[in-house]
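In what follows, every chain begins at residue 1, and chains take the letters A, B, ... in the order their sequences are listed. Values below: every heavy atom of this structure, side chains too, minus hydrogens, waters and symmetry copies.
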Amino acid sequence: MTSAVERLAARVGEAVGAEVELERPKDPAHGDFATNVALRSAKAIGRSPRDLAQELAEKVVELEEIESADVAGPGFLNLRVGDRFYLDALAEIDERYGGGWVDRPERVQVEMVSANPTGPIVVSAARNGAYGDSVARLLEFGGHHVTREYYYNDAGRQVELFRASVDALRRGEEVPEEGYKGSYVADLAKLEGDPVPPMLASIERTMERFHIHFDSWALQSELEQRLAEFLPRLDTYEKDGALWARSSAYGDDADWVIIRSPEKGGTPTYRAADIVYLVDKLERGLDRAMYVLGADHHATAKWYRAIARMLGYDESRVEVLLYQFVHLTRGGESAKASKRSGNVFLLDDFMDEIGVDAARWYLVNRGPDQTIDVDLDLAAEESAKNPVYYVQYAHARIASILRSAGDAQDGADPPGPLAREEKELIKRLTDFPVTVREAAERRGPQLLPAYAIRLADDFHRFYQERRVLGVPEQAFRLDLIRKTQLVIARALNLIGVDAPESM
RNA sequence: GCGCCCGUAGCUCAGCGGAAGAGCGGCGGCCUUCUAAGCCGUUGGUCGGGGGUUCGAAUCCUCCCGGGCGCACCA
């Protein structure tokens with residue numbers, strides 16, 4: 001399937017005899033579309049870019065869909081297109097618009113959040129989910145088969161400390177010095193049995209509320225038990241009584257212990273489980289295993305790739321998505337995000353304060369490489385001005401018009417030339433497929449909020465200047481806003497935000 | 001010391017090889033008409049600094065300065 005913009009680029013390319021990419025100028029004075037073909041090819045032919053551009057402009061303007069072609073700046077070709085282009089572009093928009101670009105679908109697993117079940121999900125871990133889930137949604141929309149998995153440690157030191165903390169309270173004793181002290185520990189102490197399952201259930205409820213659904217949950221303890229099967233496939237050596245993986249020979253910065261020395265209990269480390277887990281993923285039919293890791297785990301990206309190579313897998317099947325920290329402050333003071341102290345900001349509290357949608361938006365709005373600073377005192381105050389509501393409002397406004405329209409006809413061509421606001425809106429809609437695909441391929445969902453704001457901008461301006469109901473253009477405009485609504489809803493959905501019918 | 005990331009408007013940040021942007025804040029306008037959570041105007045920047053590559057650099061390379069996070073037989 002080719003889009004109206006791609007078809008236009010092909011036609012222009014044919015006219016000038018070169019591969020042409022069309023871009024949307026930021027400044028509307030620079031036309032509807034622009035291309036730099038002249039700048040690109042001038043040097044090879046040994047001509048001045050502006051001269052060449054002038055010659056190409058004369059050819060391009062012959063095309064029926066092109067209204068004008070002007071040379072600008074160092075040799076850009078600025079194009080204006082006629083109404084036919086806009087109407088064609090609008091006609092191709094439906095529920096699947098912008099998606100399904102993948103030629104060869106992969107089975108992809110995105111493993112994310114994966115916080116130890118020793119306490120509730122905190123805001124910094126939520127960024128992991130907001131980012132990972134948005135990438136997952138983008139890949140799904142492109143046509144991949146995506147599953148989301150939560151991996152947790154149910155047997156390590158931290159979890160034992162957590163269990164010991166709950167047990168201590170049950171016996172009426174103080175929580176151990178290094179133990180977990182949040183009020184949730186006391187709540188769990190009121191129940192019977194292992195506190196891990198109820199803790200996990202609580203985490204799952206929080207994630208569902210945050211619009212993240214996990215398809216599967218993996219346990220570290222089960223994986224560790226299968227280590228023996230894979231030892232022969234590994235490059236290992238013994239030192240100081242422990243068994244080491246020679247990961248430095250496969251691109252990592254160091255070697256790591258996978259089985260502790262007898263003095264330390266002779267038990268497998270979490271890195272042993274990593275190995276089994278990776279094999280399990282790649283052997284159970286995944287084409288690609290994605291890990292979502294925070295800044296404190298950046299170094300393990302090399303480890304994952306190293307063990308993939310050590311085991312003889314194509315390391316491109318392992319992909320690590322890295323993101324920077326969420327730094328919490330309260331009134332200028334740093335609020336430490338340590339689950340142990342209980343002095344933390346929980347995702348549930350964050351959602352209570354600013355709402356689920358603003359929380360999702362907030363955590364995915366910045367690029368993954370950017371540290372997020374959250375001033376908790378300002379977050380609630382600012383949440384009312386969050387751009388997410390600006391975008392949702394555009395969606396709700398459209399819903400309102402459609403309700404008033406009842407079952408009125410839509411879809412006819414407009415009775416006259418398109419208004420400026422209509423053209424701008426349609427042009428923005430044609431940006432959507434490009435934006436979505438780039439966001440997916442760059443693993444950069446932050447492009448979506450930025451796009452959604454632009455689209456809402458164009459809609460609000462259209463709404464301000466043009467009536468939909470009770471005018472000769474009604475049928476056409478109903479079609480236009482219906483499609484605008486579809487795209488807004490899709491852009492929001494891809495970052496896990498709801499598109500309300502009313503506000 | 002080594003590794004990863006960041007330094008763009010007063011604040012928080014997009015932009016990642018083509019013609020400097022948004023939100024918030026400040027100032028001034030627009031509601032008998034489909035939701036004013038809206039619209040319009042205005043204010044505001046040696047894109048941390050030096051060198052380099054390129055027809056063209058906020059964007060790529062390099063050095064420096066400033067900041068975050070790692071560098072366990074914890075996870």
Q158(A) and N153(A) side chains, donor-acceptor separation under 3.5 Å: no
Beyond-backbone contact of V257(A) with K264(A), side-chain heavy atoms, under 4.5 angstrom: no
Touch class at under 4.0 angstrom, heavy-atom based, for Q220(A) against every strand present: sugar-phosphate
Base-pair map of RNA chain B as dot-bracket, where | denotes pairing with a different strand and pairs are Watson-Crick or G-U under 3.5 Å: (((((((..((((....[..))))((((((.......))))))....(((((..]....))))))))))))....
Below 4.0 Å: OP1/OP2 of rC74(B) and any side-chain N or O of R271(A): no
Basic-acidic side-chain contact under 4.0 Å: E19(A), R40(A): no
L469(A), nearest nucleotide to its side chain (from rC74(B), rC34(B), rC69(B)): rC34(B)
Sugar-phosphate, base or nothing in reach of S404(A), heavy atoms under 4.0 Å: sugar-phosphate
Heavy-atom check, side chain of Y389(A) versus side chain of M503(A), under 4.5 Å: yes
Anything under 3.5 Å between a protein N or O and an N or O of nucleotides 5-12 of chain B, put it in a table, one pair a line.
from	atom 1	to	atom 2	distance (Å)
rC5(B)	O4'	Q324(A)	NE2	3.3
rC5(B)	O2'	Q324(A)	NE2	3.4
rC5(B)	O2'	D369(A)	O	2.5
rU12(B)	O2'	R366(A)	NH2	2.1

Donor-acceptor side-chain pairing of S261(A) and D240(A) below 3.5 angstrom: no
Nearest to side-chain heavy atoms of V468(A), which nucleotide of rC34(B), rA75(B), rC39(B): rC34(B)
Mutual orientation of the aromatic rings belonging to Y277(A) and Y151(A) [parallel < 30°, tilted 30-60°, perpendicular > 60°]: parallel
I258(A) CD1 - rC74(B) P separation (whole Å): 13 Å
Listed partners of Q324(A) passing side chain to side chain donor-acceptor pair (under 3.5 Å), at least two apart: none
Touch class at under 4.0 angstrom, heavy-atom based, for E501(A) against every strand present: base
Closest-nucleotide ordering on RNA chain B, the 5'-leading residue of D253(A) and S114(A): D253(A)
Atom pair distance, as rounded to whole Å: CZ in F325(A) and P in rC4(B): 17 Å
rA19(B) and rA57(B), which share atom name C1', separated by this distance in whole Å: 14 Å
P atoms of rC30(B) and rC13(B), separation to the nearest Å: 36 Å
Donor on one side chain, acceptor on other, Y323(A) and D369(A), under 3.5 Å: no
Protein-nucleotide distance (E465(A), atom CD; rC40(B), atom C1'), rounded to Å: 8 Å
L200(A) and W217(A), any side-chain heavy atoms less than 4.5 Å apart: yes
D154(A) CG to rA75(B) P, straight-line distance once rounded to whole Å: 12 Å
Contact under 4.0 Å: R461(A) side-chain N or O vs rC40(B) OP1/OP2: yes
Separation between the P atoms of rU8(B) and rG49(B), rounded to whole Å: 10 Å
E160(A), CD atom: more than 12 neighbouring heavy atoms under 6.0 Å: yes
Pairwise C1' distance for rA14(B) and rC47(B), with rounding to whole Å: 13 Å
Phosphate-side-chain proximity, Y463(A) and rA36(B), N/O vs OP1/OP2 below 4.0 Å: yes
Base of rA37(B) paired with side chain of Y389(A) (donor-acceptor, under 3.5 Å): no
Rounded interatomic separation in angstrom, taking CZ from R477(A) and C1' from rU33(B): 15 Å
5' priority, RNA chain B, between D457(A) and K385(A) [closest heavy atom]: K385(A)
From rA72(B), rC74(B), rG70(B), nucleotide with atom closest to W256(A) side chain: rA72(B)
Touch class at under 4.0 angstrom, heavy-atom based, for R47(A) against every strand present: nothing
Distance-only donor-acceptor check, side chains H30(A) and N78(A), under 3.5 Å: no
Syn/anti state of rC27(B) by chi, 90° boundary around 0: anti
Nearest-Å distance once atom C1' is located in both rG10(B) and rC27(B): 14 Å
Ring-ring centroid check Y291(A) H297(A), cutoff 6.0 Å: no
Between rG1(B) and rU54(B) - P atom distance, rounded Å: 33 Å
Nearest listed nucleotide, side chain of R467(A), among rA75(B), rU33(B), rC39(B): rU33(B)
Partners meeting side chain to side chain donor-acceptor pair (under 3.5 Å) with Y304(A) (sequence neighbours left out): none
Gap in Å between the two P atoms, one belonging to rU12(B) and one to rU53(B), rounded: 36 Å
Protein-nucleotide distance (W303(A), atom CH2; rC71(B), atom C1'), rounded to Å: 15 Å
Sugar-phosphate, base or nothing in reach of A242(A), heavy atoms under 4.0 Å: base
P spacing across the pair rA72(B) / rG67(B), given as an integer number of angstrom: 24 Å
Options rC73(B), rA75(B), rG38(B), nucleotide nearest the side-chain atoms of N116(A): rA75(B)
Polar atom pairs between nucleotides 15-20 of chain B and protein, under 3.5 Å, N or O only, would you list them?
from	atom 1	to	atom 2	distance (Å)
rG15(B)	OP1	R442(A)	NH2	3.3
rG15(B)	OP1	Q446(A)	NE2	3.2
rC16(B)	OP2	R442(A)	NH1	3.0
rG18(B)	N7	N36(A)	ND2	2.8
rA19(B)	N6	N78(A)	OD1	2.4
rA19(B)	N1	N78(A)	ND2	3.3

Pair E473(A) + R466(A), salt bridge at N-O below 4.0 Å: no
Sugar-phosphate only, base, or nothing, as touched by S48(A) at under 4.0 Å among non-hydrogen atoms: nothing
Residue list, side chain to side chain donor-acceptor pair (under 3.5 Å) with S216(A), at least two apart or on another chain: E149(A)
